[in-house]
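Okay, structure first, notes after.
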Protein chains: 4
Amino acid sequence: MWLPIDPRSPKPVYQQVVDAVKEAVAKGMLEPGDRMPAVRELASQLTINHNTVARAYQELERDRVIEVLRGRGTFIATSRPCPDRDARVRAVAARIRELLIEAHHLQMNEEELLELFQVTLREWRQERRQAQA
Amino acid sequence: MWLPIDPRSPKPVYQQVVDAVKEAVAKGMLEPGDRMPAVRELASQLTINHNTVARAYQELERDRVIEVLRGRGTFIATSRPCPDRDARVRAVAARIRELLIEAHHLQMNEEELLELFQVTLREWRQERRQAQA
Amino acid sequence: MWLPIDPRSPKPVYQQVVDAVKEAVAKGMLEPGDRMPAVRELASQLTINHNTVARAYQELERDRVIEVLRGRGTFIATSRPCPDRDARVRAVAARIRELLIEAHHLQMNEEELLELFQVTLREWRQERRQAQA
Amino acid sequence: MWLPIDPRSPKPVYQQVVDAVKEAVAKGMLEPGDRMPAVRELASQLTINHNTVARAYQELERDRVIEVLRGRGTFIATSRPCPDRDARVRAVAARIRELLIEAHHLQMNEEELLELFQVTLREWRQERRQAQA
DNA sequence: GTGGTCTAGACCACC
DNA sequence: GTGGTCTAGACCACC
């Protein structure tokens, strides 16, 4: 399994692993029930420390993206609404607010931001289609 | 001047100051030409160290949100398009993609996300109107 | 007298005055014997503090760009080789070295820098000719 | 690692560190991939505070001269063209103009300045050759 | 008055 | 181990 890890990024490596797995799932490249590599195996493939992968797996399990079946391995979870959904929806709203602030400082008005949103959405749909083909 | 600082947040305090000032400017609560409190004065109001405020001011100056008039004080800048606008617009698009991934894991489909976007936008407009009244 | 002063610049205001006068002299816009405005008069024209102008005049006198004739006024000096010429030539060489370092980090090789030097020189000559016309 | 730091200089110490590292890279004394000393180690070698070195490293990272690998150390970056190259080339041209003004006040004509430029360039090349030998 | 820099020493996240 | 942040208190240049 390959994931785009950049050790030079200011984003912590474990967080990059978490985000990359979430993106792969969102795009349908990984599906519920798919087996994830063992911690040490993925670490070796990405040439990062196994502790870093272990931490990422813990985070992904907390977010119910993966399920660890002790002694059997790690798998993409069958998605169910997670208990703290409301909190996370509020978090998404907070990030939308951050976009509005950033857009203001770029002298991008709300209509332009909305359009950028829709353009990005179209690109995203196309990537998903290609990933699943 | 009051800014919402949370010393327990994982976000660095100086970054919280930067973000709070940018938000206040985006909402119109601070306008071009307005005087900012002196470094030590704001530090005392927020009960944080003056070095932390100084670092926030330097960051805000680099982002052209404020202007430092040597020996005279600090003021909200008259906003001008920044030279690296394209790079920052790409950064906004990248953050929109993150929202799309997060939404998927919350079983929020694209229509629901778009609606959340628009609801948040309406709230934002209202806050701005109140701030300017 | 008008000089391009920007209170927002990181360069100290008194230094901006010094540099602007030196530039005007180098271009021939101010000539030996020309009378400089009184400290308070120039300060009022530039809307800056008179102490700031006074400090600039002291610096210019030290560099033998102007001469203060007590009770009579301040004048552009008749240029003579200054005693610390060698030290200042070394300073120019040091600044050329800084340009070489900067050019390297811009992936500009020595030939390109030399060409930029010559282009800038041609522009400079043209400006001088226009200023003197 | 030794860098020429002068605590009496009007140039801030952190800036001296930044400039010295840029010079070492430009001369080929430091090459892409080379490991930089740890912040606290360099601080102790230069007998300055670790915060001062940390600030210099942050500045160098922003200028893409070094790369920070989180938790692993700091390395000289593989140089890539920076996005704001045009702005920085203009800055170099502005500094060449300053040299022309300074040369005028030293009664150095343009030919002499050009010659000083070329002499300095020759010295620079020689230093680089020695550094790389 | 203003912001900028530096030291000393602490604590933290990350790998 | 690594770099990043924060406080406390000092000193400085500039206006």
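Lettering follows sequence order; numbering is per chain, from 1.
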Exercise for review: Could you tell me whether the side chain of B:Asn51 has a donor or acceptor atom within less than 3.5 Å of a complementary atom in the base of E:dC6?
Suggested key: yes
Check your understanding: Hey, does the side chain of D:Gln58 come within less than 4.0 Å of F:dG4's phosphate (OP1/OP2), counting only N and O?
Key -> yes
Check your understanding: Taking atom P of F:dC15 as reference, at what distance in whole Å does atom CD of C:Glu59 sit?
Key -> 12 Å
Review point. How long is the line joining CG of B:Leu42 and C1' of F:dT7, in whole Å?
Key: 16 Å
Review point. Ignoring hydrogens and angles, are the base of F:dG9 and the side chain of B:His50 linked by a donor-acceptor pair under 3.5 Å?
Key: yes
Review point. Are C:Gln15 and F:dC14 close enough that a side-chain N or O sits under 4.0 Å from OP1 or OP2?
Key: no
Check your understanding: Looking at A:Lys22 and A:Asp63, does any basic side-chain N land under 4.0 Å from a carboxylate oxygen?
Key -> yes
Exercise for review: Look at the side chain of B:Ala38 and decide which nucleotide, out of E:dG3, E:dC15, E:dT7, has an atom nearest to it.
Suggested key: E:dG3
Check your understanding: Mapping D:Val13 and B:Tyr57 to their closest nucleotides on DNA chain E, which lands nearer the 5' end?
Key -> B:Tyr57
Review point. Contact class for B:Ile48 vs. all strands (heavy atom < 4.0 Å): base, sugar-phosphate, or nothing?
Key: sugar-phosphate
Check your understanding: What's the CZ-C1' distance between D:Arg72 and F:dG4, to the nearest Å?
Key -> 18 Å
Review point. Below 4.0 angstrom from OP1 or OP2 of E:dT7, is there any side-chain N or O of D:Thr52?
Key: yes
**Study point:** Closest nucleotide among F:dC15, E:dT5, F:dG3 to the C:Tyr14 side chain
**Key:** F:dC15
Check your understanding: Which whole-number value in Å describes the distance from B:Leu69 CG to F:dC15 C1'?
Key -> 10 Å
**Study point:** Closest-nucleotide ordering on DNA chain F, the 5'-leading residue of B:Gly71 and D:Gly73
**Key:** D:Gly73
Review point. Taking 4.0 angstrom as the limit, do B:Glu59 and B:Arg62 come out as a salt bridge?
Key: yes
Point to revise | CZ/D:Arg72: more than 12 non-hydrogen atoms of other groups inside 6.0 Å | key: no
Revision key, fill the gap. By nearest-nucleotide position on DNA chain E, the 5'-leaning member of D:Arg70 and D:Thr47 is D:Thr47
Review point. For the pair made of NZ in C:Lys11 and C1' in F:dA13, what is the distance, rounded to whole Å?
Key: 17 Å
Study note, to complete from the structure: Rounding to 0.5 Å, atoms CG (A:Leu3) and CD1 (A:Ile48) come to a distance of 8.5 Å
**Study point:** Separation of atom CG in D:Asn49 from atom P in E:dG9, rounded to whole Å
**Key:** 9 Å
Exercise for review: From the options B:Val53, B:Thr47, B:Asn51, select the one residue that forms a side chain to side chain contact (heavy atoms under 4.5 Å, CB included) with B:Asn49.
Suggested key: B:Asn51
Check your understanding: In terms of side-chain geometry, is the basic nitrogen of C:Asp19 or C:Lys11 positioned less than 4.0 Å from the acidic oxygen of its partner?
Key -> yes
Review point. Quick one: D:Arg40 CZ to E:dA10 P, roughly how many Å, whole number?
Key: 12 Å
Review point. B:Thr74 side chain N/O closer than 4.0 Å to the phosphate oxygens (OP1, OP2) of E:dT2?
Key: no
Revision key, fill the gap. Against the side chain of A:Pro12, the closest entry in E:dC14, F:dG3, F:dC14 is E:dC14
Practice item. Answer yes or no: side-chain N or O of D:Arg35 and base N or O of F:dG3 forming a donor-acceptor pair under 3.5 Å. Key: no
Check your understanding: According to the Watson-Crick and G-U wobble definitions, with both distances under 3.5 Å, which nucleotide is paired to F:dG3?
Key -> E:dC12
**Study point:** Distance-only donor-acceptor test (3.5 Å): side chain A:Arg8, base F:dG3
**Key:** no
Practice item. Please state how far atom CG in B:Leu46 lies from atom P in F:dC6, giving the value in whole angstrom units. Key: 13 Å
Exercise for review: Determine the contact category for B:Arg55: base if any of its heavy atoms lies under 4.0 Å from a base atom, sugar-phosphate if only primed atoms, P, OP1 or OP2 are that close, otherwise nothing.
Suggested key: sugar-phosphate
